[in-house]
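The structure under discussion appears below in the form of structure tokens.
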Amino acid sequence: MSEALLEVENLTVVYRGRRRRAPQPALQNISLRLHAGETLGIVGESGSGKSTLGKAVLGLVPIVEGAIRWRGRDITSVAPRERRVLSREIQAIFQDPYSSLNPHRTVGQSVLETLAASNEERSSNARSRAVSVLQHVGLDASAMERYPRQFSGGQRQRIAIARALLPDPTLIICDEVVSALDLSVQAQVINLLTDLQAEHGLSYLFITHDLSVVRHLCQRTIVLRHGRLVESGETAQVLDHPTDPYTERLVLAAPALDPDRQRERRLARRAAAMATN
Amino acid sequence: MSIAAEIEVEAPTADASIARAQPHFLRQAIARPSGAVCVVVILVIATACVAATWLAPYGPLEQDLLAARQGPSGAHLLGTDALGRDILSRLLFGGRVTLFGAVIAMTVFSVIGVTLGVIAGSTGGRVDRAITAAVELVQSMPGLIVLLVVLAIFGSSEPVAMVSLGILASPTLVRIVRTAAIAARAELFVTAARVAGLTARQIQQRHILPAVAGPAITQVTLFGAVAILTEAGLGVLGLGVQRPDPTWGNLVADAQDLLREHQWMLVPTGAILVVMSLALGLLGNAIRDAYSGRSLRSTQLEQTWKTMHVPMVATEPKAATPDTDALLSVRDLSVTVNDGTTVLVDAISFDVAVGESVGIVGESGCGKTMAVTAILRVTPPGSTVTAARCALEGRDLVALDERGINAVRGREIAYISQEPISSLDPSFTAGQQVVEAVRHHRGIGKAEATRVALQLFEQVHLPDPARVFASYPHELSGGMAQRVAIARALAGRPRLLIADEPTTALDVTVQAEILDLLREIRETTGMAIVLVTHDFGVLADSCDRALVMYGGRIVEDAPVRSLIYDPRHPYARALLASNPAEIPSGDRLPTIPGIVPPPDRWTVGCRFADRCPSARTDCCTTMIPMSAEDPDRRYLCIHPHLAAQLPEAVHA
């Protein structure tokens, strides 16, 4: 296999204990590799550390142990200045399209923000590029002057995607990007992400709890629980033939769109629950 | 190309429909009558004082001993003082000093407060602790005494007094700005800005400062009133600017000297202080209300009290209503707002059989929650519920008054919500809340109710019931809190449980457990369930029958198996088709173009027509009747066979 784009090795993240509580390890000994043009699913429930993993790659949480390598270069603890340069290549989209855009700033201001690190934000070229990126995700140029509240949830998520695309990144961390969207809008956004990947050769680190989205989008998947990696592999392999009892529980718990299959799964779920207890 | 096609439909619809841009909060504050009046009063007084040289009829020290101690007259509009000096003129000249002093204090106050507050709030760590400590130190000093000491040292210097006042008062602002900055720092858009590569300084300027502007401006305005009153107070005490030079404080001191002989003088000199500080205080409140939208919320709250009891109005049944032996039978149930002009739920009819589990499914904005809350008449304030019939076990709930429906709530029809933790009162233990519900619904003593509550806790399979019994809601996980909420719902031994997205906020493994629990309760107690969900998987797992809602109407009512294996309505069909799990990786997902139309755009004809692949012209123009050929299922579509011929809903 070619050299990995992103490599995470034995990553451990510990959150400082709040008040009298002891420090909590949010991630323990996580390793993963992501190749160019690939989508890696990171699956887990609340408290699994899946969002922390994304934040660690983005340099938003302190790393206690382990290494993160970007194109073979160690970026575990780079200086803020270098991190800003890196932000051109590694971008992110977040779950909540309502709070990830500042309500007091126009869409144009928010979208252009991703160019601030390279001081291109104010150039006229940047503006025309922002307009073309917005058009690319399906909005028109007039969106630049308007405020986030004038857009629907699906449109805001498109704005967030445009914002992440603007510096022409290589990797986009997608943290529950479709969880807050309605089913029909969710499908539109997933198609958009697929198209963009095909066009630009983007890689995604796709963080989600939704196994059906993972099955559709991700070539490989890792499953996290309580900050530990419990299973990883080809998505179909992980979801259809889970080896870890937790993954199995997770797969059985995700409701299938089929009353008959759902009845079987319910029985299997009960059996699995009895086995694990 | 396909994306563009999809979105073209979406953009214009959403454009006009989603609320207009709100004006800046300062403009909003001034747009309120109280805010506007205050601004005008402040500006008029301030301008008059600044222009005193030209406006004042007399000089500030010009005496006319023959006209001493006069009341208002043509020559002296506000009368004269002990030396026959014109009070109006002295007020105008005095205002310059007092207001200038207030401006100095406010400037010092805001510069220190905002700077330190933003630094403390957005930096955190040691810097934050140092600033907080300094602030606490200043706050613990007796302000007035410090001010007097400063005046004693600097010899009654007005600017020094005002600067000191600004410094002494600034801790309040530091704290408020710090809190607002910390809140802003936790916003997702600040994280997004960090990811975008902005420097700490850029983040402060773009995202933190605008967020603290509202609270800061409010506080500065309110402090303006304090500054004016303090300046006047110093004048009365004989500190600050010395008499005979006029300040508003000195004028009050003059009036005080003449308290016996010439009471009138206290009126204009006192009134100017009252008016000015009142105007600043009210303006501060108006600004605060505008940026926090609080006054909006308080009027809503007021409305809640007024329309707390949503009456249910009986309407003439449109269709013949066959008497059913259903547990719950609803006919033509509608919810409207804005005095009936906006319809949120449009004449829906459905039945729930004894022990049946009925799922209401659809996307957000289709009226699912509104429909089920209308049955219990707990719709939001300002809404009106109408129905031809809403009968529980044959008893019509439409005719019941507020007392009557209140007896039904919880006892015959129970309700659990999407947010299990916030649906419980944070100040009581889980046990107390369930015991209270048991006592209320069953009318039994505390000891007996406690025993029943513990039984209920076991029935909902709470691990370690005794421990959960003594726990407060915040100590419970989402799944446990939902079990407690279910136990509480069971307290009245209801015949029907309305569960509004009961598992949406929970993890999938917990969701599965809660759904299994609801199934078990239904099987053991014969209780029927109306389950509101947006997740077809949950529907497939837990429901016997499905009601698909779109645009405030039920567009399909069918047994779940029939719906999922053979949907008739194009909307149901398209939603089912867009489930990503069934589509191989790499393939495009079938999508529905456009968005769910908002209620003010609902038409008479089919509301799905503009997104429907098989729509024809007659879909939009005619009133669509419910299909009637199959007693087991009905749908609101006149061309269902067209949809059925398409291989998949819409392959974009």
Please walk me through it: do B/R206 and A/N102 pass side chain to side chain contact (heavy atoms under 4.5 Å, CB included)?
-> CA-CA 9 Å; B/R206 295 180 185 195; A/N102 188 337; 5.9 Å; no
Can you tell which part of A/L250 gets under 4.5 Å to a heavy atom of chain B, answering side chain, backbone, both or neither?
-> both
Heavy-atom closest contact (A/Q186 atom, B/P580 atom, distance) | NE2-CG, 3.7 Å
Are A/P103 and B/F189 side-chain neighbours, meaning at least one heavy-atom pair lies under 4.5 Å?
-> yes
With a 4.5 Å cut-off on heavy-atom pairs, point out which of B/D516, B/D541, B/I564 contacts chain A the most.
-> B/D541
Measuring from B/D587:CG to A/N191:CG, what's the distance to the nearest 0.5 Å?
-> 10.0 Å
Side chains of A/E45 and B/T509: does their closest heavy-atom pair fall under 4.5 Å?
-> yes
Among A/Q109, A/Q135, A/R215, which has the most heavy-atom pairs under 4.5 Å with chain B?
-> A/R215
Under 4.5 Å to a heavy atom of chain A? For B/Q511 that would be side chain
For chain B, which of A/V214, A/I173, A/L183, A/I90 has the most heavy-atom pairs under 4.5 Å?
-> A/L183
Distance col, row B/H207:NE2 vs A/S110:OG, nearest 0.5 angstrom, shows 6.5 Å
Atom group of A/D260 that falls short of 4.5 Å from chain B, counting heavy atoms = both
Looking at side-chain heavy atoms only, is the closest gap between B/R519 and A/R266 below 4.5 Å?
-> yes
Side chain from CB out, backbone as N, CA, C, O: work out which of these in A/R83 comes under 4.5 Å of a heavy atom of chain B, or both, or neither.
-> neither
dist A/L257:CG -> B/N579:CG (nearest 0.5 Å) comes out at 4.5 Å
Where B/D507 and A/S46 come nearest, the two heavy atoms and their spacing | OD2-OG, 2.5 Å
Measure B/L506 against the heavy atoms of chain A and call it side chain, backbone, both or neither at under 4.5 Å.
-> neither
In terms of heavy-atom pairs under 4.5 Å with chain B, which of A/L217, A/L60, A/T194 leads?
-> A/L60
Which region of A/A256, side chain (C-beta onward) or backbone (N, CA, C, O), has a non-hydrogen atom less than 4.5 Å from a non-hydrogen atom of chain B, or is it both or neither?
-> backbone
Minimal heavy-atom distance between B/S578 and A/A187, with the atoms involved, is CB-CB, 4.0 Å
Residue pair B/A193 / A/R163: nearest heavy atoms and the distance that separates them | N-NH2, 3.6 Å
For the atom pair CD (A/Q262) and CZ (B/F536), what is the distance rounded to the nearest 0.5 Å?
-> 14.0 Å
Selection from A/T235, A/T114, A/V213, A/D182 maximising heavy-atom pairs under 4.5 Å formed with chain B = A/D182
Please report the closest heavy-atom contact between A/V185 and B/E363, naming both atoms and the distance.
-> N-OE2, 4.3 Å
Among the options B/T199, B/V190, B/L576, pick out the one with the most heavy-atom pairs lying under 4.5 Å from chain A.
-> B/T199
Is it the backbone or the side chain of B/L198 that comes under 4.5 Å from a heavy atom of chain A, or both, or neither?
-> both
Shortest non-hydrogen contact between A/Q91 and B/V195, atoms and distance = NE2-O, 4.1 Å
From A/E113 CD over to B/R194 CZ, what is the distance, rounded to the nearest 0.5 angstrom?
-> 13.0 Å
Inter-residue atom distance B/D535.CG - A/S212.OG, 0.5 Å rounding | 8.0 Å
Kindly say whether B/I592 contributes a backbone atom to a donor-acceptor pair with the side chain of A/Q188 at under 3.5 angstrom?
-> yes
